[in-house]
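A short worksheet on the structure shown next.
Letters A, B, ... are given to chains in the order of the sequence lines, protein chains preceding strands, and every chain is numbered from 1.
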Amino acid sequence: MRLFPDLKSAAVALVSFLACATAAALLHAESPPTAATVKGSVHSIDVPRADNVAMPAGPGLEAYNANCVLCHTNRYVLMQPKFPRKTWEAEVTKMVNVYGAPIAEAQQREIVAYLMSIRGKETPPVATSPAPSAGGDAPTTK
Amino acid sequence: MNPAKNLPLPRRDFLLLTGGAAAAALLPSVSAPGRDPVAAPPPGGSANAAPAEMVRLPEKTDLLLVTDRPPQLETPLGMFTQDLTPNELFYVRWHLSEIPLSVDLAAFRLKVGGHVETPLELSVEQLKKDFPAAEVVAVNQCSGNSRSFFNPPVAGVQWGNGAVGNARWKGVRLRDLLAKAGVKAGAVEVAFNGLDKPLLDKTPDFAKALPTDVALQPNVLVAYEMNGAPLPILNGFPVRLVVPGWYATYWVKMLNDIRVTTEKSQSFWMEKAYRIPASARANETPDKLDPNTVPISKMNVRSFVVAPAEGGDVSLKQGIEIHGVAFDGGSGIKKVEISTDGGKTWADARLGPDLGNYSWRRFRLDWKPKAAGAVRVMARATSNAGETQDDTVIWNRSGYMRNNIEHVDVFVS
């Protein structure tokens, strides 16, 4: 995209940019961060929930909702890339064995099924050294 | 979705966790309409997810929303334009389901005990009055910073490159506290715990430990100030541990318990978590995991190109100032080199002020492109200890310690 075909348009763009940047800086200065509340010696903040990202439908969603959101936001799951079954099984097992999540075995299987349905990669992982390119291309599926 | 529906907790616990009145408060939807939650995010995690969700939490400016529960925020890379990262820009990371949202400063006590002559219980006031103050400028980087770039991907918080910041920390030297308590012979480690507690009894409480000789190093601080102000609650008010040069997992927030021990910590967060392959560069492959692991510790050398931004346009006639930040695990930055021809040739960038070996160094280079077209801008840092970034993209099962040469692709016209 050719943004600046000549010096004059570049100068105009630069001045506009500086004006916008100044305005933005002033706006930012006008809305500083919310301070913590201090009542006596008690310092406190409110952290509102942002669970407005609904989990997508899928088999086993009920088991997920009954067990997983007790401890963490849906976003922890939704931010994950696609993993093979082995990885999701290990994650759910970790929740139970390490973090003490009280999930019955049948429900664990349902949760894995659900996670596979929304973030599953059925192809076995490529068992080679990582590619030398920097920058993290998404893994390709065959 | 009604959060109460998803939290089948006894009422007492629900209120305890969500602070009562805050329970019903929801952030206004900040995700743009049409954002597809089914699709897996692209590499770069929340930082690169389009459109990025920004949120403004107390004591913070608009930052990338990673999770709301626990609260975790990432700093957009383009904001690293200063020697010191303002407190309101600093990233936020917590391990457990909830965090304490209020602290009674008058009631707060930091305990120093265990294998010592005289256990201590100190208020923040006493920390400030009874001990000499010390300062260090130091980079705080999450062990898993940049995890979202790992290939094959690794489960965990999918950070972009913004789980890092540089601040001036002020507090009491840990070794002064330990000297006052009197460490007894036979001490092996110093263990640290904070106010945050797990939701379930069986979840391991977040706790870390340092070998005694590391704990006694002069720059390890119990910090009560960050960039000249009290710590934001989200960054560990009222005091946190500062371990310059080491990954942030050790920098325990809301530090309230220091315990000298005669045995190595068996905490999950030391024994099982936060371990790296013992092999060189913490590198392994998925099909050949290193049978030997060690606790993560010192940071490797690293740099980021902050400007130009990825995918940006650069004027052929005017050029642009390339700038960014570089740091290592405590020897300081010797040089940062820039390449704009895919790594064939390199030029030295100018380094910004030296705020000490644990601080990051800003770097800049005025770039006048020679021709129009696509250009890959790369930065390569070398530390005073002789460690240099290279093209090796390491992989390990936990997604730690990424430090390959970064690049930014721009279009010159």
If I compare all heavy atoms of [X] with all of [Y], which pair ends up nearest, and what's the gap?
X       : Y       : result
A:Val47 : B:Asp68 : CG1-O, 4.1 Å
B:Lys60 : A:Pro33 : O-CB, 3.5 Å
A:Ser31 : B:Arg56 : O-NH1, 2.8 Å

Please check if atom CD in B:Glu125 has more than 12 non-hydrogen atoms from other residues, nucleotides or ligands closer than 6.0 Å.
no
Heavy atoms of other groups near A:Asn97 CG, more than 12 under 6.0 Å:
yes
Strictly distance-based, threshold 3.5 Å: is any side-chain N or O of B:Thr203 a donor or acceptor partner for the main-chain N or O of A:Tyr99?
yes
Side-chain donor or acceptor of B:Arg69 paired with backbone N/O of A:Pro48 under 3.5 Å:
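Side chain of B:Arg69 to backbone of A:Pro48: no pair is present.
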Is any side-chain heavy atom of [X] closer than 4.5 Å to a side-chain heavy atom of [Y]?
X        : Y        : value
A:Arg75  : B:Val66  : no
B:Leu105 : A:His43  : yes
A:Val42  : B:Val103 : no
A:His72  : B:Thr67  : no
B:Leu199 : A:Leu70  : yes
A:Pro102 : B:Leu200 : yes

Measure distances from [X] to the heavy atoms of chain A and classify the residue's part below 4.5 Å as side chain, backbone, both or neither.
X        : answer
B:Phe237 : side chain
B:Val157 : both
B:Gln72  : side chain

Rounded distance [0.5 Å steps], CD1 in A:Ile45 versus CG in B:Leu234:
4.0 Å
Nearest 0.5 angstrom please: B:Trp159 CH2 to A:Met79 CE, how far?
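If I round to the nearest 0.5 Å, the distance is 8.0 Å.
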Side chains of B:Gln158 and A:Tyr76: is there a donor and an acceptor less than 3.5 Å apart?
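No pair is found: no donor N or O on one side chain lies under 3.5 Å from an acceptor on the other.
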Proximal component of A:Val38, with respect to chain B [non-hydrogen, under 4.5 Å]
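Contact with chain B involves no heavy atom of A:Val38 at all.
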Of the listed residues (B:Pro71, B:Ala155, B:Ala106), which shares the most heavy-atom pairs with chain A below a 4.5 Å separation?
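Between B:Pro71, B:Ala155, B:Ala106, the count favours B:Ala155.
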Taking every non-hydrogen pair under 4.5 Å, which of A:Cys68, A:Ala90, A:Ser44 racks up the most with chain B?
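When all of A:Cys68, A:Ala90, A:Ser44 are compared, A:Ser44 has the most.
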